[in-house]
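Position 1 is the first residue of the sequence, and the numbers go up from there.
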Amino acid sequence: MSPTDEKLLLARERRPVHQQREQGNQIDKFVLLCSNLVWIISGSVLAALALFTALQEQLPLQFRLTWLVTVLAISVVRFRFLRHWNQVPTTSANVQRRILLATVLSCSFACCFGIISYFAVSENDPLGNLLVVMMVTGLVASATAAVVHLLPMYLLYIFPIMLPVAYRFYTFEQVGYHWIAGLIVLYLFITLGISRSIRGSIMHSINMRYQNQNLLNSLREEKQRAEDALELAEQANRAKSKFLAAASHDLRQPLHSLRLFTATLELQTRNTQHKTLVSQIDSSVKSLEDLFNALLDISKLDAGTLSVEKRHFYLDSLLAQIEGEFKPLAGEKQLYLDVELADHVIFTDALLLERLIRNLASNAIRYTENGGVTLSTSVEDGRVWLSIEDTGVGIPEADRQRIFEEFVQLGNVERDRNQGIGLGLSIVKRLALLLGVEVRADAAPSGGARFLVGLPLGDRSKCQYLPVGFVETPGEHVDSLFVLVIDDEEEVCLAIEGLLETWGCIVMTATSGSAALQQLDEIGEMPDVIVSDYRLRHGETGGDVIHRIREHLQTDVPAIILTGDIAPDRLKDIKLLGYPMLHKPCEPAVLRKLLANAAASRALPASNDSGERPPGHDGMEEGGSMRVGER
């Protein structure tokens, strides 16, 4: 395509926009005329009546009366059209026709005044001549202010008014009248010059108004597009969340069964030649479980189902537990783990902080191949700064903010699952926001990475030595414990039954609340604890089933909720029940611990109307699913 063709094509594309703008200007100019027209017509009618009275000696009555009737008739027509124009909006389809009609009526009105002015002036009546000149110049002046933005109408108004009287003065024999004629023509030209600047100002104002309107329309369109895009993104996000929740629930069911089956198999093959194989299977299942738990932690934090209960406690008690948990893991990699204990008291949620530190410590050990990891503390700016420092690969400065995003792993382009899935630091970031603490990453003096956590100082007089949730349970003896298991998946029931019987429990399984009540009535026994899935068939929930069984037995039987859901709304509903909650796939040791607690207390709380958490539970898995952090 030649440059000329491109210019023609561009001109064709731009033509509709240009035409639209011209039509918009014409509409604005006509609307401005209509706003002034009522005063123009009224003033002209008053001027006509004044001339009719003042010229009674110069002109015959019949002539004046005929002229006045004509002027009044034109004025009535103008008023009627003005009323119609105000009632029916002016559009691009009718604006040119309306301007033409208004111009014709205005020109007719001006011709009437031009005719009477021509006949009214007389060589022998200077006073009458002065009156006529003042009248026509006043009409021209008013037109200059009111209709100058419509140039054809303006010209067809002032010339028919002024030129006849100028020509009449020029025909008189006295030289003084010739000067008056010349001054009238000069006045016309001066008025035209002044009207040009006035017209330019009015057109600039109209153009600016049109441009502002276009800008406002563009902003509205952009806002609407942004809102539509946001709505689409929110719909996509909701659809993704629903899909993730549904897929997670359906996948967790068989994974939960597999986890329990492998735990049962491990107990039964402890002293056989298949022990290594079972251990490898269990390790693979745990890796898959870690993936689900990381996704669950993200979902919980985004759902806002975790409540923060801040207390004053000694930080060294928490760090001592971290040291005991991770020293064996560091030893397997032949790394050192140094935890420098100090007598610091802090004020925050102990359980959530423990999960945050555990993720950072696990992350440091994972990415360190030689040397080790050091946890130390210092006080600065009214805060306790906890440092987790390693001798690993380090973090480039450009990536120190990006590592807190989901699924970001530096140096793991092959997506090695042994290095996690990239959610650990994203969980750390969310926990930090929830607790209101600062977490930042920088380079360690050793060349590795260092994470700093700023913790608020606590009050020593109000603290407990061990933070809440870290007290050991009275024991984990579950022998002869009668456990009622309710799950609509028979495979899950079999898996839990097999594991609990291996522990020495007496187990009864049911797939619904009605089936459970029927079996309890048949045997005439009361369960020691109820373990129920949350989402059952036919819209029944674990909370409904536990409530029915408690009412039927007239006692608050301890209960545990199992669920494979990660949907935020459903997590909130489960949290409101107040029961200890385990997520599928659950850790067998955690399940045993909860059963032991139930056996010891015989009465875990049935409701949580006060909004407080049962001791040792914060809406997440007991023992915490946040055990693995990834960088």
Checklist entry - So, the side chain of Gln519 versus the backbone of Thr509: is there a donor-acceptor pair under 3.5 Å, distance only? => result yes
Next on the checklist: Between Asp390 (side chain only) and Ala449 (backbone N and O only), is there a donor and an acceptor less than 3.5 Å apart?
Outcome noted: yes
Next on the checklist: With heavy-atom distances below 4.5 Å as the criterion, would you say the side chains of Val339 and Ile322 are in contact?
Outcome noted: no
Checklist entry - When you measure from the side chain of Thr391 to the backbone N and O of Asn370, does any donor-acceptor pair fall under 3.5 Å? => result yes
Checklist entry - Would you say the side chain of Leu577 lies within less than 4.5 Å of the side chain of Tyr534, judging by non-hydrogen atoms? => result yes
Item to check | Atom CD of Gln554 with >12 non-hydrogen neighbours under 6.0 angstrom | outcome: no
Next on the checklist: Do Ile560 and Tyr579 make a side-chain contact, defined as non-hydrogen atoms from C-beta onward lying under 4.5 Å apart?
Outcome noted: no
Next on the checklist: Determine whether a donor-acceptor pair (N or O, by modelled atom type, separation under 3.5 Å) exists between the side chain of Lys429 and the backbone of Val439.
Outcome noted: no
Enumerate donor-acceptor pairs with a distance under 3.5 Å from any side-chain N or O in residues 542-549 to protein atoms, sequence neighbours excluded.
{"residue": "Asp544", "atom": "OD1", "partner": "Thr541", "partner atom": "OG1", "Å": "3.4"}
{"residue": "Asp544", "atom": "OD2", "partner": "Thr541", "partner atom": "N", "Å": "3.4"}
{"residue": "Asp544", "atom": "OD2", "partner": "Thr541", "partner atom": "OG1", "Å": "2.9"}
{"residue": "His547", "atom": "NE2", "partner": "Glu551", "partner atom": "OE2", "Å": "3.2"}
{"residue": "Arg548", "atom": "NH1", "partner": "Glu540", "partner atom": "OE2", "Å": "3.0"}
{"residue": "Arg548", "atom": "NH2", "partner": "Ser514", "partner atom": "OG", "Å": "3.4"}

Checklist entry - Is the side chain of Asp487 donor-acceptor paired with the backbone N or O of Glu489 at a distance under 3.5 Å, no angle test? => result yes
Next on the checklist: Taking Asp459's backbone N and O only, do any of them form a donor-acceptor pair with His312's side chain (distance below 3.5 Å, no angle check)?
Outcome noted: yes
Checklist entry - Going by heavy atoms in the side chains, are Phe451 and Leu386 under 4.5 Å from each other? => result no
Checklist entry - Side chains of Glu227 and Leu230: closer than 4.5 Å at any heavy-atom pair? => result no
Item to check | Minimum side-chain heavy-atom gap Ile523-Phe482 below 4.5 Å | outcome: yes
Checklist outcome for this item: Of Leu499, Val492, Leu494, the one forming a side-chain contact (heavy atoms from CB on, under 4.5 Å) with Ile496 is Val492
Checklist entry - Do His344 and Trp385 come within less than 4.5 Å of each other through their side chains, counting heavy atoms only? => result no
Next on the checklist: Within the structure provided, determine whether Val485 and Leu562 are in side-chain contact (heavy-atom separation under 4.5 Å).
Outcome noted: no
Item to check | Leu591 CG to Leu500 CG distance, which is reported to the nearest 0.5 Å | outcome: 6.0 Å
Checklist entry - So how far is it from Leu553 CG to Glu525 CD, rounded to the nearest 0.5 Å? => result 11.0 Å
